[in-house]
2 protein chains.
Amino acid sequence: MTETRLDAVKLDGAGPVYDQIRRAIRDLVVSGEWQPGTSVPPEHALMEQLGASRMTVHRALVQLAREGLITRRRRSGTVVATPPASHAMLDILSIPEEVRQLGQAYAYEVLARTDGRPSPEVAELFGLKRSDKVAHLIVLHRADGKPHVLEERVIHAAGVTGLADENFAETPPGDWLLQHSLWSQAEHAISAIGAGEEQAALLDIAVGEPCLLVERRTWNQSHPVTAVRLLYPGFRHRFVGRFGPYGAA
Amino acid sequence: MTETRLDAVKLDGAGPVYDQIRRAIRDLVVSGEWQPGTSVPPEHALMEQLGASRMTVHRALVQLAREGLITRRRRSGTVVATPPASHAMLDILSIPEEVRQLGQAYAYEVLARTDGRPSPEVAELFGLKRSDKVAHLIVLHRADGKPHVLEERVIHAAGVTGLADENFAETPPGDWLLQHSLWSQAEHAISAIGAGEEQAALLDIAVGEPCLLVERRTWNQSHPVTAVRLLYPGFRHRFVGRFGPYGAA
DNA sequence: ACTTGCCAATTGCATATGCAATTGGATAGC
DNA sequence: GCTATCCAATTGCATATGCAATTGGCAAGT
């Protein structure tokens with residue numbers, strides 16, 4: 001268990017004390033300075049370090065715990081939480097999970113991989129320099145043997161360690177990246193598009209068949225990590241969410 | 001401003017006191033017993049009624065305020081909030097707003113309206129009895145004069161007051177419903193589909209052109225309110241969301 | 001070794017208290 | 001009437017204090 005530096009917690013004098021404390025610790029967590037798994041100083045230590053009462057420190061920590069950034073247990077103390085993986089529909093989805101939750105058998109094939117410079121379009125789409133190194137992958141995911149979704153992915157080599165040595169034989173790139181990279185920002189877009197010739201052939205559908213296109217771009221500290229286009233045959237796919245006026249059900 | 005009954009707040013003895021208070025009030029709000037706009041008793045009153053200290057009551061109220069169920073202001077007191085209308089992409093969207101946020105001029109036409117019994121398909125889709133009364137509407141929304149989205153909507157007359165007298169000349173049905181009905185549950189599905197003949201003609205696109213189909217069904221206390229199918233031409237539409245591992249950005 | 005029991009560290013919760021900030025409404029003055 | 005002023009109701013915040021609950025790890029005993 002890595003150590004956290006107590007003196008890294010600093011107040012900025014803006015607003016209520018409990019909120020200053022909350023923000024200070026949140027920033028340390030979100031910036032990655034306090035890694036998941038490291039232990040947060042106990043309330044007494046923070047109390048002395050910051051010159052606040054224990055209840056005030058407590059209030060900040062309780063709130064952070066409710067927000068899911070830290071987890072707390074009596075006696076063992078407080079530790080930085082590992083970020084939650086998934087958030088209903090908008091989320092970073094794991095395709096294997098998605099398929100298995102439908103009760104179907106999952107399989108995938110890496111159809112192509114090229115390592116090198118990004119093409120102009122890719123560089124544009126992704127905000128990369130032509131000189132950056134990227135891996136370009138095309139993966140077909142199957143559910144019960146039938147084509148389920150076509151994945152086209154670009155990975156920025158500089159943002160991920162071990163990319164060159166990974167051949168994605170065991171784990172599809174999306175899941176592999178979840179374990180080997182960090183992300184702090186993502187953008188997610190859904191649109192409808194007709195299948196192109198190659199795409200239709202791979203997905204075993206007719207050319208022009210309506211498909212759902214999910215495009216996702218991911219950054220770590222404004223540093224591109226990966227961009228992916230997922231093409232789902234429309235007629236066999238819907239994204240469903242259920243919720244109430246006061247939040248997801 | 002309607003009054004709230006103080007003695008409606010009852011603790012159930014389960015778990016921490018502050019949480020009992022929070023749940024008690026939350027239930028009164030969510031169940032509709034305390035309507036939006038009504039004022040919540042001040043901390044002192046709750047404190048006496050419940051035999052808890054002010055700080056404990058305070059804690060419950062602060063948390064409810066953070067969750068958005070109530071709003072609090074010094075001196076004026078605490079009132080039940082009107083439920084928030086929108087939540088990023090998954091939300092109950094107002095199409096006029098959506099269009100205006102794109103900086104385009106909004107207009108709409110009600111193309112058809114029939115009041116009567118639901119067709120078998122509609123009844124099926126919506127979980128209605130054949131004997132229920134419904135209104136069936138077809139509305140075309142335009143942005144800068146061009147067709148933007150085709151709306152097909154079924155409204156359950158029993159769930160909405162004033163439906164028969166409304167002709168939707170001033171306000172499109174989606175927005176009108178937001179003001180004249182309550183909902184406690186919604187389901188939202190996104191898929192891709194090719195435009196049918198009539199749809200294509202209305203949207204001024206080619207038959208078979210890929211479209212985003214958003215289907216939403218809404219209930220109030222497990223009681224159907226409305227169901228809607230929104231058909232967006234795919235090539236001029238994408239739903240975008242931005243977020244981080246700790247929530248929306 | 002292995003088990004049992006105990007202690008102390010740590011968080012969870014509630015209370016009592018005091019003061020600050022905001023502001024609706026009453027009151028006084030014009 | 002109209003305005004300026006003040007007061008009191010209400011929430012916001014911080015502290016000090018005490019006890020409860022949990023449990024990691026040590027110590028003692030077998």
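The figures here come from the full heavy-atom set of this structure, side chains too, leaving out hydrogens, waters and symmetry mates. Chain A is the first sequence line, chain B the second, and so forth, proteins listed ahead of strands; every chain is numbered from 1. What you see is a predicted model, and the numbers here were worked out from it, not measured in a lab.
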In whole angstroms, how far is the [atom2] atom of [N] from the [atom1] atom of [X]?
X       : N      : atom1 : atom2 : value
B/His44 : D/dA9  : NE2   : P     : 10 Å
B/Arg73 : C/dG25 : CZ    : P     : 11 Å
B/Gln63 : D/dT11 : CD    : C1'   : 17 Å
B/His58 : D/dG12 : NE2   : C1'   : 5 Å
B/Arg66 : D/dT11 : CZ    : P     : 17 Å
B/Glu43 : C/dT22 : CD    : P     : 17 Å
B/Arg72 : D/dC13 : CZ    : P     : 10 Å

For a quick test of your reading: what N or O donor-acceptor pairs under 3.5 Å do the side chains of residues 25-32 of chain B make, sequence neighbours left out?
unit_1	atom_1	unit_2	atom_2	d
B/Ser31	OG	B/Asp27	O	3.0
B/Ser31	OG	B/Leu28	O	3.3
B/Ser31	OG	B/Glu33	N	3.3

Does A/Glu43 have any side chain to side chain donor-acceptor pair (under 3.5 Å) partners at least two apart in sequence or in another chain, and if so, which? A/Arg54, A/His58, A/Arg72

Can you sort out the partners of [X] under side chain to side chain contact (heavy atoms under 4.5 Å, CB included), two or more places apart, ordered by chain and number?
X        : value
B/Ala105 : B/Asp144
A/Ala143 : A/Val99, A/Gln104, A/His148
B/Glu152 : B/His136, B/Ile138, B/Arg229
B/Arg59  : A/Val62, B/Tyr18

Can you check each nucleotide of nucleotides 14-21 of chain D against protein heavy atoms at under 4.0 Å and return B for base, S for sugar-phosphate only, - for none, in 5' to 3' order? BBBBB--B

Count the heavy atoms of every other residue, nucleotide or ligand shown that sit under 6.0 Å from CD of B/Glu48, and state whether that count exceeds 12. no

Which residue pairs pass the side-chain hydrogen bond (donor to acceptor under 3.5 Å, both in side chains) test with at least one member in residues 154-171 of chain B, sequence neighbours excluded?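 Non-adjacent pairs meeting side-chain hydrogen bond (donor to acceptor under 3.5 Å, both in side chains): B/Glu166-B/Trp176.
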
Using atom names, set out every protein N or O paired with an N or O of nucleotides 3-5 of chain C below 3.5 Å, distance rounded to 0.1 Å.
none

